[in-house]
Trainee: 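The structure that follows is given in the form of structure tokens.
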Protein chains: 4
Amino acid sequence: MSLRLIDSLATTEPLADAFSDAALLTAMLRFEVALARAEARVGVIPAAAAEAIVAAAVPDAFDPAAIARTARASGTTVIPFVEMLTENVRAIDPSAATFVHWGATSQDVSDTALVLCLVRALAIITADGDRLEHALRRTSDRHAGSAMLARTLLQPAPPTTFGLKAAGWYGAASRGRARLASAFRDACVAQFGGASGTLAALGPYGLAVSTELSRELDLLSTDAPWHAHRDRLAWLVAACGTYTGTLGKIARDVALLMQYEVAEAAEPGGGSSTMPHKRNPAGCAVALAAATRVPGLVSAFLSGLPQEHERGLGGWHAEAATVASVVQATGAALAAVADVIETLSVDPDRMRDNITATRGVVFAERAMVLLAPVVGRKTASRLIADAIETARRGDRTFAEALGESTEVTAAVDGADLSSLQDPDAYLGVAERFRRRLLGGEE
Amino acid sequence: MSLRLIDSLATTEPLADAFSDAALLTAMLRFEVALARAEARVGVIPAAAAEAIVAAAVPDAFDPAAIARTARASGTTVIPFVEMLTENVRAIDPSAATFVHWGATSQDVSDTALVLCLVRALAIITADGDRLEHALRRTSDRHAGSAMLARTLLQPAPPTTFGLKAAGWYGAASRGRARLASAFRDACVAQFGGASGTLAALGPYGLAVSTELSRELDLLSTDAPWHAHRDRLAWLVAACGTYTGTLGKIARDVALLMQYEVAEAAEPGGGSSTMPHKRNPAGCAVALAAATRVPGLVSAFLSGLPQEHERGLGGWHAEAATVASVVQATGAALAAVADVIETLSVDPDRMRDNITATRGVVFAERAMVLLAPVVGRKTASRLIADAIETARRGDRTFAEALGESTEVTAAVDGADLSSLQDPDAYLGVAERFRRRLLGGEE
Amino acid sequence: MSLRLIDSLATTEPLADAFSDAALLTAMLRFEVALARAEARVGVIPAAAAEAIVAAAVPDAFDPAAIARTARASGTTVIPFVEMLTENVRAIDPSAATFVHWGATSQDVSDTALVLCLVRALAIITADGDRLEHALRRTSDRHAGSAMLARTLLQPAPPTTFGLKAAGWYGAASRGRARLASAFRDACVAQFGGASGTLAALGPYGLAVSTELSRELDLLSTDAPWHAHRDRLAWLVAACGTYTGTLGKIARDVALLMQYEVAEAAEPGGGSSTMPHKRNPAGCAVALAAATRVPGLVSAFLSGLPQEHERGLGGWHAEAATVASVVQATGAALAAVADVIETLSVDPDRMRDNITATRGVVFAERAMVLLAPVVGRKTASRLIADAIETARRGDRTFAEALGESTEVTAAVDGADLSSLQDPDAYLGVAERFRRRLLGGEE
Amino acid sequence: MSLRLIDSLATTEPLADAFSDAALLTAMLRFEVALARAEARVGVIPAAAAEAIVAAAVPDAFDPAAIARTARASGTTVIPFVEMLTENVRAIDPSAATFVHWGATSQDVSDTALVLCLVRALAIITADGDRLEHALRRTSDRHAGSAMLARTLLQPAPPTTFGLKAAGWYGAASRGRARLASAFRDACVAQFGGASGTLAALGPYGLAVSTELSRELDLLSTDAPWHAHRDRLAWLVAACGTYTGTLGKIARDVALLMQYEVAEAAEPGGGSSTMPHKRNPAGCAVALAAATRVPGLVSAFLSGLPQEHERGLGGWHAEAATVASVVQATGAALAAVADVIETLSVDPDRMRDNITATRGVVFAERAMVLLAPVVGRKTASRLIADAIETARRGDRTFAEALGESTEVTAAVDGADLSSLQDPDAYLGVAERFRRRLLGGEE
């Protein structure tokens with residue numbers, strides 16, 4: 001298995017597999033096979049050579065550990081890999097060995113192999129993204145009318161609905177995934193430029209081989225090789241960073257709602273090694289961990305962009321580990337948040353109780369809206385401050401305290417006062433915003 | 001002037017102005033004026049109140065230093081600003097003071113004001129971006145035939161053309177700017193949600209006011225307030241990061257070409273305080289400095305994305321300084337690189353001399369392509385290694401050394417050998433790639 | 001004033017002053033004055049020249065805006081600055097103009113000037129650090145016996161004391177400040193190496209001038225110039241990052257305790273522009289904003305470390321803005337947290353109420369410790385799970401529910417059961433740890 | 001083997017082993033064994049239980065893949081690990097199963113296990129650090145007299161010596177390692193606090209068990225548990241970042257010196273998959289890759305510092321993967337740079353040739369020092385500019401051109417002029433600085 005203890009919270013098993021030795025080796029072999037076939041088809045190498053290369057490209061015939069071990073000596077895994085492949089081809093057909101990796105450079109292989117791993121990762125992320133968005137829409141619809149405290153700067157504010165909150169999560173999650181999908185599409189292109197990015201070794205056949213190669217790999221090709229222009233990969237990494245930030249935001253909200261003192265929503269969570277009573281927000285922890293780690297990884301990638309000349313030194317060599325970490329962390333956060341939302345328990349009664357527990361002070365803004373146009377803002381401020389003070393002492397609610405002031409009752413209709421603390425009557429256009437976010441209203 | 005010594009290399013004067021106290025104060029006043037007008041039009045506040053607010057919204061009547069000084073006490077510049085505005089309105093029309101900032105929350109002001117500054121910055125960046133791309137196209141066209149050493153891992157490789165190199169810069173620069181423009185477009189939207197993001201204080205008029213407000217500010221509005229969903233700003237920041245990486249890549253290439261020992265291209269550069277002979281790549285330094293700083297700033301922004309509930313604590317408060325730094329650094333790099341390319345001197349003769357100075361060894365790959373199909377890769381490797389060794393000793397060129405081997409002359413046509421070291425004969429599809437990158441060929 | 005609106009939450013007024021144009025210009029002049037005096041004393045330049053330089057070095061005779069505006073052309077503020085100084089000296093004594101900046105390089109000036117600003121910043125940070133640590137000790141001592149819920153993964157756990165929590169903050173804050181002080185000490189050294197870091201222009205007098213220069217500036221000198229070795233500054237920046245992380249931890253804890261639903265402690269906080277009832281944790285917001293921004297800035301600095309040869313290109317040019325931002329953000333966080341702790345209101349009764357509100361389930365671990373050795377872990381787990389379930393239904397407390405099981409009463413002493421939910425009886429060595437953290441016990 | 005293809009350039013085999021599943025599992029078992037022994041010794045658990053735990057703690061009896069797979073459900077590897085251990089103990093002695101992990105919390109295990117891995121990594125890093133510093137000293141001594149161009153902003157400057165350059169590398173490398181060693185020392189402490197950091201489950205025996213536990217593990221203990229105070233680990237990570245920056249600086253210098261056009265020094269390097277003539281700076285690539293990646297990882301760690309209350313959510317969960325990546329990348333860079341310096345070939349003749357190739361213009365500062373005090377700076381500037389212009393045209397050297405001016409010959413001694421371009425005569429105090437950096441002179 002490719003999942004390791006040290007980063008077991010930073011990936012998922014399918015994503016760990018997508019960047020495993022087996023996956024990477026297979027991808028490198030796919031490149032060499034596709035190259036041989038493309039070159040044979042175009043007539044650059046003999047058909048028999050291509051056949052021998054295809055026959056030799058059996059993953060089991062390679063020792064990834066040996067490749068990994070010698071990679072540092074040449075600064076790339078490709079050189080030991082190509083040597084191994086050449087020997088394996090030679091064993092099948094000595095004359096074919098000449099045509100292994102014909103006209104390609106190491107970076108053509110490693111970049112394209114990374115892209116092939118990314119294609120695989122995207123499929124996993126897409127499935128979990130669908131799952132999350134579906135669960136968020138359902139949650140939002142179900143709780144369209146569940147009034148709850150808005151909280152700003154971690155302090156209670158006038159009510160919102162849990163439906164709107166979930167719709168806000170949905171909006172950001174779907175924007176994030178759209179960016180990610182677009183960035184993957186742009187980045188998942190074949191790399192093929194040869195030693196200097198001119199395909200000179202292929203003479204007049206460079207473009208033809210390039211076209212066939214991409215077709216074999218089911219990848220798009222670009223206008224030109226991108227050996228030292230890594231902006232498309234950077235954009236993919238940045239899209240992961242932005243998406244993971246949104247996933248972290250959802251996780252933080254859930255974890256805060258799940259506090260014992262708040263208790264408005266909860267993921268099933270995980271247990272504790274020592275405290276039998278505990279239910280820990282383990283899914284939120286995984287997502288928040290990713291949201292903590294990924295920004296730095298994005299920075300690491302971007303720092304490497306100024307790569308020297310036709311193929312850089314160091315910047316490029318820093319990428320593979322970073323890209324793999326970013327994509328896995330993003331996918332781990334996504335899977336965790338999808339699980340959290342799919343299994344989220346929500347307590348609308350507790351939400352209303354928490355509004356009530358403020359004794360109405362969160363409706364002070366509403367009182368201001370009623371009073372200020374009549375008595376002026378300064379007087380209104382004084383009256384409201386007094387009522388807040390009374391409510392905080394705990395004897396009466398904010399509305400009751402207001403109602404005891406003749407200045408207030410002279411200015412405000414009794415009905416307005418009696419419904420002042422009704423959450424459902426002070427939700428503004430929450431439902432309109434909710435539906436817009438879900439795309440149901442223009 | 002808003003340009004400061006400490007970050008004089010990290011911005012330009014126009015961009016420093018775009019985020020200056022005057023700019024920010026003006027933007028905050030524009031929000032309050034637009035809000036008052038919108039609310040008067042919809043009928044939420046009296047027309048007279050709006051007129052008083054418009055009359056009071058004169059930048060000179062505000063003391064940005066006083067606002068800045070008290071901002072930390074409330075965690076926002078908006079509270080002291082609104083207090084000042086309210087007093088100024090009161091002096092004009094006491095009854096109008098009630099309706100200042102009506103129904104808005106602090107973050108509505110600060111977010112929209114930041115967006116208005118960004119709109120201004122985008123115009124500056126667009127002009128410099130046009131300038132850069134124009135200069136790159138011109139440079140690429142002019143040097144379509146200027147053969148030069150490709151360099152990979154900072155070592156000489158078979159030739160490319162300076163035209164292709166400049167076209168690669170162009171491709172990445174234009175992709176980067178397209179991303180930036182798109183991200184600015186998405187992010188430059190008004191913010192208006194009121195205390196809890198429901199516009200509850202405006203009763204049934206929330207959406208109408210919101211629409212009018214955006215129109216007044218000449219901004220698009222979004223589906224819903226984005227107080228705690230900062231992904232659009234994150235995307236803008238990430239676009240800056242990716243673009244700056246490309247600008248850094250161009251700068252690094254130029255600085256390397258400008259080394260005394262290479263001397264293939266040079267920016268006019270700046271002088272030295274102590275060395276009369278020196279011409280420093282000052283423009284490249286500015287761009288590389290930005291490419292060094294911006295990735296960390298991107299990380300700083302992304303780290304703040306998991307913002308709590310309806311309006312967060314800390315994450316949001318970290319943004320303004322970061323966004324301003326990122327956009328200014330990006331614009332500083334862009335202006336510097338545009339200057340560098342517009343004034344770049346290129347020495348095609350030196351480029352060819354540097355190819356010649358390798359004594360032909362960079363054509364070893366070409367020799368391999370000729371020899372290996374005939375004599376096999378192993379024999380070809382031995383023959384080429386011997387010739388490289390001879391060329392390195394300095395007596396003969398690589399091609400001459402090869403020509404002394406009967407094994408070679410038996411295998412390879414004499415004409416091929418005599419043109420082996422001709423750069424123009426080993427450029428592959430460089431020109432095709434170049435034209436594709438410039439968009440001139442599908 | 002040097003405080004700006006855009007980063008008014010990211011600095012304090014004294015720290016903004018420490019990196020202002022005036023401060024930086026003064027520091028640059030101090031370098032040139034000290035250099036002239038040192039060189040006159042050693043006999044490298046005429047005494048009269050030094051006198052003219054001293055006379056000309058009047059900040060008011062310089063235009064920082066003009067310097068800032070031209071800095072980008074040469075990649076440094078020092079070249080226009082030295083030109084201006086030279087002209088000013090020439091006006092006083094033409095022959096002295098020759099000896100301005102004699103033997104120094106631009107970076108000698110800019111690095112030393114930055115160091116002089118840092119020395120000033122350190123004094124500010126030291127005072128606030130003392131203030132914070134004093135307040136933390138006092139808070140810890142006062143609440144040595146204030147039992148409260150520990151919270152792990154944001155879920156309630158067996159009790160701790162607020163005294164221990166505050167002592168934990170103290171321990172980390174004092175470790176952080178010790179690192180910071182040590183790193184400032186190492187980094188605040190003069191820079192003086194001349195064009196190539198050999199002081200060649202001073203012939204045999206290089207070391208003597210260097211020694212005198214440091215003495216004039218009241219700075220230590222190092223073994224050698226550090227033009228391209230920025231590890232000492234990096235270490236200072238990293239120390240800021242680590243310290244700010246701890247300040248952010250304190251702020252996050254306070255903000256969480258200040259939630260309406262928790263209400264165990266609160267900073268006085270700031271008001272809201274629209275919600276009269278609100279008290280926002282503004283100080284915590286400032287500190288958390290710094291803890292969000294600074295890590296990326298640290299990364300930005302570290303990314304620039306691989307600087308080329310004797311003086312680098314870009315990496316060095318990226319530093320000043322970054323260092324100034326980091327130190328200001330750190331100081332802003334520190335001042336905010338010091339204010340928060342000095343004015344923190346703590347509610348020990350509410351702390352106990354919140355323990356009680358768990359109905360005893362947080363003592364499940366304690367029940368396990370009592371039961372498991374007698375009945376085995378599996379049986380104990382079952383008994384405890386049942387009691388938790390009963391307590392969660394709300395009829396009885398956890399201890400009452402346990403007491404109804406004959407299996408439990410047979411195994412556990414009645415007295416143990418009746419005190420099971422006594423917070424003071426299950427605090428372990430909290431007080432010992434507290435005193436150790438405060439340094440009162442070995 | 002624990003080395004993987006995807007990050008084969010980002011670690012070394014011994015370091016990959018230090019964080020492998022086997023290493024981590026062994027470390028977790030060491031904690032549980034030490035805890036059991038400590039508790040038995042103090043009398044908290046029966047001696048027989050401890051014996052059973054010791055007997056069961058056999059790595060081969062555990063399935064790391066199964067642990068990794070279930071870790072996400074609980075947010076930690078420790079819960080499935082402890083369950084597995086408990087079952088294994090139960091199989092040996094059912095009554096002992098009760099006392100597995102007695103009084104500890106998950107984080108006690110995972111933190112201490114990470115520390116034990118770090119201890120192992122430090123030994124590897126120490127050996128390579130010694131190797132590097134030894135090689136740098138030797139290189140510096142050998143080339144104390146090897147004059148070479150200093151290069152500032154990638155442009156030629158007056159000469160320095162390769163001995164001083166290498167001594168500068170040595171100074172930074174040894175400072176970096178001293179910081180690293182000190183930070184490791186501080187961070188490599190046991191973690192033991194139990195559920196809430198009070199060791200309440202151990203009653204009066206908490207401190208005694210803690211002391212014994214540390215002794216068993218051969219670790220120091222701290223004043224108190226550090227579950228949510230991660231500053232010591234942050235400092236270690238920051239020390240890695242600073243050290244890696246220096247290693248990247250050395251690598252960048254070597255890679256630049258190794259350019260074909262410069263050719264002053266070279267690592268043996270690695271070959272190319274397609275270009276037989278190439279020798280790539282593979283060791284430099286590995287080190288520069290680390291210097292590119294690590295700053296972002298440092299940022300990722302620091303971002304996680306504000307951890308909630310007694311044990312945080314997300315911040316802590318993000319650490320293990322980050323710490324392991326940072327330490328491995330640092331060690332990979334170190335091993336690579338040690339190899340590079342140990343095998344560096346240096347060409348002092350080429351160094352002198354490159355000085356000569358400037359035709360003396362790098363001695364313009366020296367001419368200024370001679371001329372300006374006599375003829376004034378303005379006249380000197382003109383004379384020097386003319387001579388530089390002549391030298392650049394290529395007819396004569398700078399000194400020859402100067403010598404043709406009667407203004408010059410009237411002002412400057414002929415001997416001074418004839419030795420003007422002698423590198424050895426213009427090295428200032430390079431040798432003094434060199435010896436200071438190596439510690440040989442106060």
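No experiment lies behind these values; they were computed from the predicted model shown. The chains referred to below are lettered A, B, ... by the order of the sequence lines, with proteins before strands, and numbering in each begins at 1.
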Trainee: Can you tell me which portion of A:Ala228 sits under 4.5 Å from chain B's heavy atoms? Options are side chain, backbone, both or neither.
Mentor: both
Trainee: Salt bridge or not between B:Glu310 and A:Lys165? Use side-chain N to carboxylate O under 4.0 Å.
Mentor: yes
Trainee: Just by distance, do the side chain of A:Thr152 and the backbone of B:Arg311 share a donor-acceptor pair under 3.5 Å?
Mentor: no
Trainee: Output the option from A:Leu313, A:Leu153, A:Val369 having the highest count of non-hydrogen pairs under 4.5 Å with chain B.
Mentor: A:Leu153
Trainee: Are any of the side-chain heavy atoms of B:Asp223 and A:Arg432 separated by less than 4.5 Å?
Mentor: no
Trainee: Between B:Val362 and chain A, which part of the residue has a heavy atom less than 4.5 Å away: side chain, backbone, both or neither?
Mentor: neither
Trainee: With a 4.5 Å cut-off on heavy-atom pairs, point out which of B:Arg366, B:Gln307, B:Arg232, B:Met368 contacts chain A the most.
Mentor: B:Arg232
Trainee: Step by step, would you call A:Arg377 with B:Arg90 a side-chain contact (heavy atoms from CB on, under 4.5 Å)?
Mentor: CA-CA 11 Å; A:Arg377 189 181 283 243; B:Arg90 196 185 309 281; 5.7 Å; no
Trainee: With respect to chain B, which residue among A:Pro225, A:Ala157, A:Gly176, A:Ala167 yields the maximal number of heavy-atom pairs within a distance under 4.5 Å?
Mentor: A:Pro225
Trainee: Only pairs of heavy atoms separated by less than 4.5 Å count here; which of A:Gly203, A:Ala234, A:Pro373, A:Pro46 has the most with chain B?
Mentor: A:Pro373
Trainee: Roughly how far apart are A:Phe301 CZ and B:Ser299 OG, rounded to 0.5 Å?
Mentor: 15.0 Å
Trainee: Verify side-chain contact (heavy atoms from CB on, under 4.5 Å) between A:Leu302 and B:Thr242, making sure each step is shown before the conclusion.
Mentor: CA-CA 7 Å; A:Leu302 296 176; B:Thr242 306; 4.0 Å; yes
Trainee: Return the option, out of B:Asp186, B:Thr292, B:Leu427, with the maximum number of heavy-atom pairs under 4.5 Å with chain A.
Mentor: B:Leu427
Trainee: Let me know if B:Val429 has heavy atoms under 4.5 Å from chain A in its side chain, its backbone, both or neither.
Mentor: both
Trainee: Heavy-atom cut-off 4.5 Å, strictly under: side chain, backbone, both or neither for B:Arg252 against chain A?
Mentor: side chain
Trainee: For the candidates A:Pro295, A:Gly428, A:Ala49, A:Pro94, which exhibits the highest count of non-hydrogen atom pairs separated by less than 4.5 Å from chain B?
Mentor: A:Pro295
Trainee: The criterion is salt bridge (charged side-chain N to carboxylate O under 4.0 Å, His left out); which residues satisfy it with B:Glu365, sequence neighbours excluded?
Mentor: none
Trainee: Residues in salt bridge (charged side-chain N to carboxylate O under 4.0 Å, His left out) with A:Asp416, at least two apart?
Mentor: none
Trainee: Can you tell if the side chain of A:Trp235 reaches within under 4.5 Å of the side chain of B:Arg175, non-hydrogen atoms only?
Mentor: no
Trainee: Of the listed residues (A:Ala239, A:Pro204, A:Ser196, A:Gly197), which shares the most heavy-atom pairs with chain B below a 4.5 Å separation?
Mentor: A:Ser196
Trainee: What part of B:Thr222 is in contact with chain A, defined as an atom under 4.5 angstrom from a non-hydrogen atom: side chain, backbone, both or neither?
Mentor: backbone
Trainee: Between A:Ala97 and chain B, which part of the residue has a heavy atom less than 4.5 Å away: side chain, backbone, both or neither?
Mentor: backbone
Trainee: I'd like to know which of A:Ser303, A:Ala380, A:Gly314 tops the heavy-atom pair count under 4.5 Å against chain B.
Mentor: A:Ser303
Trainee: Relative to chain A, which segment of B:Leu370 carries a heavy atom at a distance below 4.5 Å: side chain, backbone, both, or neither?
Mentor: neither
Trainee: State, with a plain yes or no, whether a side-chain heavy atom of B:Lys249 is found less than 4.5 Å away from one of A:Leu305.
Mentor: no
Trainee: Is there a side-chain contact between B:Trp169 and A:His229, using heavy atoms and a 4.5 Å cut-off?
Mentor: yes
Trainee: Heavy-atom pairs under 4.5 Å with chain A are the metric here; pick the option from B:Gly206, B:Ser95, B:Ala172 that has the most.
Mentor: B:Ala172
Trainee: B:Val298 versus A:Val298: any side-chain heavy-atom pair under 4.5 Å?
Mentor: yes
Trainee: Mind ranking B:Gly376, B:Gly75, B:Gly194, B:Ala195 by heavy-atom pairs under 4.5 Å with chain A and telling me who comes out on top?
Mentor: B:Ala195
Trainee: May I ask you to name which of B:Leu288, B:Leu202, B:Thr160 has the most heavy-atom pairs under 4.5 Å with chain A?
Mentor: B:Thr160
Trainee: Which bit of B:Ala372 comes within less than 4.5 Å of chain A, counting heavy atoms only: side chain, backbone, both or neither?
Mentor: both
Trainee: Identify which part of B:Trp226 has an atom lying under 4.5 Å from any heavy atom of chain A, answering side chain, backbone, both or neither.
Mentor: neither
Trainee: Can you say whether A:Val237 sits under 4.5 Å from chain B via the side chain, the backbone, both, or neither, judging by heavy atoms?
Mentor: neither
Trainee: One thing to verify: whether B:Arg179 and A:Asp231 come together as a salt bridge, which I'm taking to mean a side-chain N less than 4.0 angstrom from a carboxylate O.
Mentor: yes
Trainee: I want to check something: taking the side chain as every heavy atom from C-beta on, are A:Thr198 and B:Leu164 in contact at a cut-off of under 4.5 Å?
Mentor: yes
Trainee: What part of B:Arg293 is in contact with chain A, defined as an atom under 4.5 angstrom from a non-hydrogen atom: side chain, backbone, both or neither?
Mentor: neither
Trainee: Does any backbone or side-chain atom of A:His317 lie under 4.5 Å from a heavy atom of chain B? Answer side chain, backbone, both or neither.
Mentor: side chain
Trainee: Going by heavy atoms in the side chains, are A:Leu257 and B:His309 under 4.5 Å from each other?
Mentor: yes
